[in-house]
Amino acid sequence: MLIYLKKIREQINVNASGDASVKALHRTRRRTLSLLPAAALLLMAGMANAYSAPKTLLVLGDSLSAEYGLARGTGWVALLEQRLKAQKNDTRIVNASISGETTSGGRVRLPALLTKHQPDVVLIELGANDGLRGLPVAAAEANLRAMGEAARKAGAQVVLVGMRMPPNYGRAYGEQFYGVYGKLAREWKAPLVPFMFEGIADQPQLFQADRMHPNAQAHPAILKNIWPQLAPLLKAK
């Protein structure tokens with residue numbers, strides 16, 4: 001901005017020195033320069049607004065993100081919101097997670113959510129229910145790919161949250177299922193949380209009575225697993 005103003009002043013001076021109508025040009029010069037500070041302030045204010053606007057995060061998940069069996073405000077999404085507020089980060093969080101949700105359900109719901117909320121970041125935490133039901137891995141992959149591509153087409157950055165299947169589902173199925181997340185993240189060059197339950201899965205005391213859903217004590221650890229991949233995307237525009 002300062003360089004731009006300097007060049008305008010220099011150009012006016014050059015024109016003034018070589019023109020016979022020096023007085024007229026000087027009057028034009030004074031009027032032009034008088035308008036520059038206000039114009040500069042307006043331009044800089046517009047730039048500041050464009051780059052300081054808070055972002056919107058859309059969380060598309062299942063019961064693991066919907067506070068299933070937990071007191072309100074104790075799940076990892078609520079803890080994320082609390083952390084951002086403590087950091088004076090005004091990111092708007094839309095938690096569109098539903099207990100029991102599958103990748104096919106998320107795929108159906110996502111277009112309307114993108115239109116309504118226009119998120120800057122979409123975190124996809126889905127697939128666990130597909131795996132627990134033994135649904136084809138290829139179908140889950142197709143649904144996740146469709147969601148990611150829809151979000152990216154809408155201008156949002158995507159974060160994938162990976163999940164592993166219990167050993168009793170068989171090694172082949174488990175590895176194929178888990179591999180989908182890394183495959184898609186590589187294709188999109190998107191941040192990946194490799195395993196949502198890292199450091200939690202082998203600690204029974206961190207799960208509810210059903211042994212499937214983490215209790216409130218586990219959710220800070222879940223946020224710890226997700227935060228490093230998500231935080232860089234939530235800085236102000």
Side-chain angles (χ1 to χ4, degrees), residues 55-66 68 75-77 80 91-167 169-198 201 212-214 222-223 225-234:
K55 293 191 174 183
T56 296
L57 165 66
L58 173 65
V59 179
L60 187 64
D62 49 36
S63 57
L64 302 177
S65 299
Y68 176 86
W76 77 265
V77 179
L80 169 64
T91 294
R92 183 172 70 101
I93 299 179
V94 178
N95 190 356
S97 303
I98 297 176
S99 293
E101 185 70 290
T102 60
T103 57
S104 61
R107 179 177 183 175
V108 170
R109 291 196 298 124
L110 182 58
L113 292 169
L114 292 173
T115 300
K116 179 178 180 180
H117 301 291
Q118 300 182 2
D120 300 282
V121 181
V122 176
L123 183 143
I124 301 175
E125 179 275 297
L126 287 172
N129 288 314
D130 297 61
L132 292 174
R133 297 175 187 181
L135 299 178
V137 173
E141 179 179 343
N143 290 330
L144 288 169
R145 176 175 280 107
M147 285 185 278
E149 291 177 352
R152 296 172 69 207
K153 185 177 180 180
Q157 294 176 287
V158 176
V159 178
L160 276 177
V161 178
M163 180 57 67
R164 291 183 180 275
M165 286 295 99
Y169 280 75
R171 181 175 179 179
Y173 183 83
E175 289 182 353
Q176 187 182 7
F177 174 87
Y178 179 67
V180 166
Y181 296 98
K183 177 183 178 180
L184 294 176
R186 287 190 296 272
E187 287 182 13
W188 300 332
K189 294 182 174 58
L192 170 68
V193 179
F195 184 32
M196 189 179 190
F197 288 172
E198 187 67 44
M212 296 174 58
H213 294 92
I222 292 175
L223 177 57
N225 291 333
I226 294 174
W227 176 256
Q229 303 301 326
L230 184 59
L233 306 182
L234 300 183

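Note that the numbering runs from 1 along the sequence shown for the chain.
Atom CG of Asp130 sits about 5.0 Å away from atom CG of Leu135, to the nearest 0.5 Å. Taken to the nearest 0.5 Å, the CE atom of Met163 stands 7.5 Å off from the CZ atom of Phe177. For the atom pair OG of Ser63 and CE of Met212, the computed distance is 7.0 Å after rounding to the nearest 0.5 Å. Taken from OG in Ser65 to CD1 in Ile124, the straight-line distance is 12.0 Å, to the nearest 0.5 Å. Between Ile226 atom CD1 and Glu198 atom CD the span is 12.5 Å, to the nearest 0.5 Å. Rounded to the nearest 0.5 Å, atoms CD1 (Ile93) and NZ (Lys55) are 13.5 Å apart.
The shortest distance between side-chain heavy atoms of Pro191 and Leu233 falls below 4.5 Å. Leu160 places a side-chain heavy atom less than 4.5 Å from the side chain of Trp188. Annotation: side chain of Glu125 is in contact with side chain of Leu64 (closest heavy-atom distance under 4.5 Å). Thr102 places a side-chain heavy atom less than 4.5 Å from the side chain of Arg133. Within the 4.5 Å cutoff, the side chain of Tyr178 has no heavy atoms near those of the Met165 side chain. Contact annotation: the side chain of Thr56 never approaches that of Thr91 to less than 4.5 Å [non-hydrogen atoms, C-beta and beyond]. Contact of the Ile222 side chain with the Met196 side chain is registered, since non-hydrogen atoms from C-beta on lie closer than 4.5 Å. Pro214 is not listed as a side-chain neighbour of Trp76, based on a closest heavy-atom distance of 4.5 Å or more.
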Please step through side chain to side chain contact (heavy atoms under 4.5 Å, CB included) for the pair Val59 and Leu80, ending with a clear verdict. CA-CA 11 Å; Val59 179; Leu80 169 64; 5.6 Å; no
Using the rule given for side chain to side chain contact (heavy atoms under 4.5 Å, CB included), can you reason through Tyr173 versus Val137, listing the C-alpha separation, both sets of side-chain angles and the distance that settles it, and then say yes or no? CA-CA 8 Å; Tyr173 183 83; Val137 173; 3.6 Å; yes
Derivation of the side chain to side chain contact (heavy atoms under 4.5 Å, CB included) call for Ile98 and Arg109: CA-CA 11 Å; Ile98 297 176; Arg109 291 196 298 124; 3.4 Å; yes
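Sequence neighbours left out, not one pair with a member in residues 150-164 passes salt bridge (charged side-chain N to carboxylate O under 4.0 Å, His left out). Within the structure, salt bridge (charged side-chain N to carboxylate O under 4.0 Å, His left out) contacts touching residues 174-196 (residues at least two apart or in different chains) are Glu141-Lys183, Arg145-Glu187, Arg171-Glu175.
Minimum heavy-atom separation, Thr103 to Ala140: OG1-CA, 3.7 Å. Heavy atoms only, all atoms of each residue included: Leu192 and Ala185 are closest at CB-CB, 3.8 Å. Of all non-hydrogen atoms in Ala96 and Leu60, the two that sit nearest each other are O-CD1, 4.0 Å. Here the closest heavy-atom approach between residue Val193 and residue Val159 is recorded as CG2-CG1, 4.5 Å. For the residue pair Leu132 and Tyr169, the shortest heavy atom distance occurs at O-OH, 2.7 Å. Across every non-hydrogen atom of Gly127 and Asp62, the tightest pair is N-OD2, 4.5 Å.
Applying side chain to side chain contact (heavy atoms under 4.5 Å, CB included) to Leu58 and the options Val121, Leu123, Leu110, Asn95 leaves one that passes, Leu110.
Atom OH of Tyr68 has 12 or fewer neighbouring heavy atoms from other residues, nucleotides or ligands inside a 6.0 Å radius.
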